[in-house]
Amino acid sequence: MASHDHFYVTTPIYYVNGAPHIGTAYTTVLADVLARYHRLGGVPTHFLTGTDEHGQKVYEAATEAGITPQEHCDRMVVRFKEAWKGLEISNDDFIRTTEKRHTDVVQEILQDLFDRDEIYCGEYEGWYDVSNERFYTEKELVDGKSPDGKPVEKIREKNYFFRMSRYQEWLVDHIESNPGFIQPEYRKNETLGFLRQPLGDLCISRPKSRLPWGIELPFDRDFVCYVWFDALVNYISGVGYRRDDATFAKWWPCSVHLIGKDILTTHTVYWPTMLKAMGVEMPRSFFAHGWWLTEGEKMSKSTGNVSNPLDMIDRYGLDSLRYYLMSEMTLGQDASFTEDGFVLRYNADLANDLGNLTSRALKMIGRSFDGKIPAPGPDGEHEATLRQAVMKAVTAMPDHVTGMTLDRGLLQVIDAVRAANRYFDATAPWKLAKAGETEALGTVIYATAETLRIVSGLLYPVMPGKMTELRTMLGLRGDELVPRLDRLGQWGVLEAGRPVGDIDTLFPRIDRKALAAAAAETTKVDGVPRAQGGGGKDGGKDAPAKPEGVALIDVDTFFRTKLRVAKVIAAEPVPKADRLLLLQIDLGGETRQIVAGIAQFYSAEEMVGKSVVVVANLKPAKIRGVESNGMLLAAKDGKTLRVVTVDGEVPAGASVG
Ligand code: MSP
């Protein structure tokens, strides 16, 4: 699927001292899904992850535990390896920065840069933040603390510096002339904004007297290498740089370095300038994704609002957790992790749509065709519509993968499943069975089975276990269980007469009542449960007593709606639709089009330049055949309609809430 001859994807190497959590699990699952999609297309793929094992915090934790830092790392790394195994991560390699294959290469790079005067000895005076292992200048301090509020101490010492400032102009030029280098666009703008200030040289050493745990500078044994300068090198030491030219040539340049938005500068400024100084080709791209939030706060170990991914697998199921992570987060933006959100998505997409279609089709194969795939009759109009929806998802997926809009690709697959459920309803195969119309029945069941085969292939990288189950139920065996992109694009692969497998419920519906039951136990007052809201088909909604007629929602539900400020950059009427305007809006670097039913109240010219408020995470919809990616907010009362705007200057993309 990559537009190049190989696909090499990396995750950040995680601090070994921390525990794996939903944030680190997310980046790793994302890399895994991208790698699996590329393998499906037959593209030679390499997926590297690992751990960052040097630095002050590791040293301190080891000292506290009374063991050597290396022993400490050896103990801690196991948790990452186990978590990734539990999440079925298909990484080809796992690199640790304490491995000789890495430390030797870092030392050679340091020596080479020193010999070529890319690294020089100087004196450093600055404010040092121990927790972030970073120096700040006087100007950068906020109320005598680091910008994120950590205590700092003044330090003056001899140090070594990388001549990063040399490459400032070159970097700006490289970013500007390679549009996909930093993605999404608004992160690219963030880096370019950072580069508008003069870029200093980078202090790449730490005196051993203060920090003995790191890679020694080969030209001055009193110093160790700054952790970031060491850690970034993993991306090349992990694929044979200076050790194995053939391997290095095979995988480098990296196709995409996946990172969270928190480590944008180190990756998009330090790393390219380091590579430039080394004379190594630039990676093709960086992609910075957003954060998982809970109650509006970043999920992280230090805030204590995260659970171990392995516990979450126990609670939610491996594949459904992977699906939720991939479909709930619009790549690049932040997303909220909530149990309600999980259950809603699971029940809607997996239990109702996909699970239901599977059991409907397979039960009929068992009942009417003796457990064998039936022969289809000629296709009619209904089949043509279904095939169109399915093939649309197949054709779009490669672009969604390379374009990093995976969540939208998944949405399209689920749309195809919905189309198949509609097809099932419209053709009513149970009636055909009753009427003994075997050929027509065979056509419907065959088309549904083919849809399921193709859909299971498209979802396989996200849910390898569940989709293998589904493919087994469809009668696929051995090598056929692993989908291939070329076969996904073909209709009619399942041959008539093929016996299907045993049927099992693929995605049992989650009863929110049952999930909440455990929680309710703890909220009983004097053994009496709190008032419950009305139950119902949806599994019942647990809610406190509420005033009649007012649907109360909790704050998490509200925050699932992402409201953002957008600037209208262009507007035009939609032909043959006198109520609609087509707007091009800027969401802070990202341009989108939305269709708004405001033409009777505003002219196109009036709208241009307005800062409006839009719902940014609405599923794309076609309105009068025109795609709309969001919804404009407006106040309406009788014959008056006014769009909602903000009071004063706020940059496009700002969140509203
Ligand atoms: N060791 C450095 C990276 C060096 S790479 C050469 C580091 N490690 S980390 O353990 O702190 O991991 C940071 C990464 O974890 C983020 O960039 C992101 O990929 C992921 N996440 C951590 N918390 C997150 C969320 N709450 N949400 C999403 N991902 C976040 O930085």
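Indexing begins at 1, ligand by ligand and atom by atom, following the structure's order. Counting from 1, the numbers follow the sequence of the chain as shown.
Contact atoms of ligand 1 toward G290: 28 (C) (distance under 4.0 Å to a heavy atom of the residue). Atoms of ligand 1 lying under 4.0 Å from any heavy atom of Y14, numbered from 1 in the order shown and given with element: 8 (N), 10 (O), 12 (O), 15 (O). Heavy-atom proximity to H267, at under 4.0 Å, picks out these atoms of ligand 1: 5 (S), 6 (C). Listed by atom number, the atoms of ligand 1 under 4.0 Å from D52 heavy atoms are 1 (N), 2 (C), 4 (C).
Judged by the 6.0 Å distance and 45° axis criteria, R210 is positioned over the aromatic ring of Y128. Judged by the 6.0 Å distance and 45° axis criteria, K81 is positioned over the aromatic ring of F94.
Heavy atoms of Y235 approach ligand 1 to within less than 4.0 angstrom. Residue contact check for ligand 1: H21 places a non-hydrogen atom closer than 4.0 Å to it.
Taking the charged nitrogens against the carboxylate oxygens, R96 and E99 have no contact shorter than 4.0 Å, which rules out a salt bridge.
The heavy atom nearest to atom 15 (O) of ligand 1, considering only T24, L232, N234, is found in T24. With distances taken over non-hydrogen atoms, the option nearest atom 3 (C) of ligand 1 out of L325, T27, T11, I13 is I13.
If you look at D262 next to ligand 1, the close heavy atoms, those under 4.0 Å, all belong to the side chain. Both the backbone and the side chain of Y15 come within contact range of ligand 1, each with a heavy atom under 4.0 Å.
Ligand 1 has no N or O atom lying under 3.5 Å from any N or O atom of I263, backbone or side chain. Of the polar atoms of W292, at least one N or O is found under 3.5 Å from an N or O of ligand 1, judged by distance alone.
Residue N91 is tested with I95, I89, D93 for a side-chain contact (heavy atoms from CB on, under 4.5 Å); the sole match is I89. Screening Y136, F161, Y160, F223 against Y124 for a ring-ring contact (aromatic ring centres under 6.0 Å, His included) leaves a single residue, F161.
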Full working for side chain to side chain contact (heavy atoms under 4.5 Å, CB included) between M278 and Y241: CA-CA 11 Å; M278 290 178 218; Y241 178 61; 4.1 Å; yes
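Ring planes of H289 and Y26: perpendicular class, angle over 60° (limits at 30 and 60°).
The minimum heavy-atom distance linking E88 with P464 is given by the pair OE1-CG, 3.9 Å.
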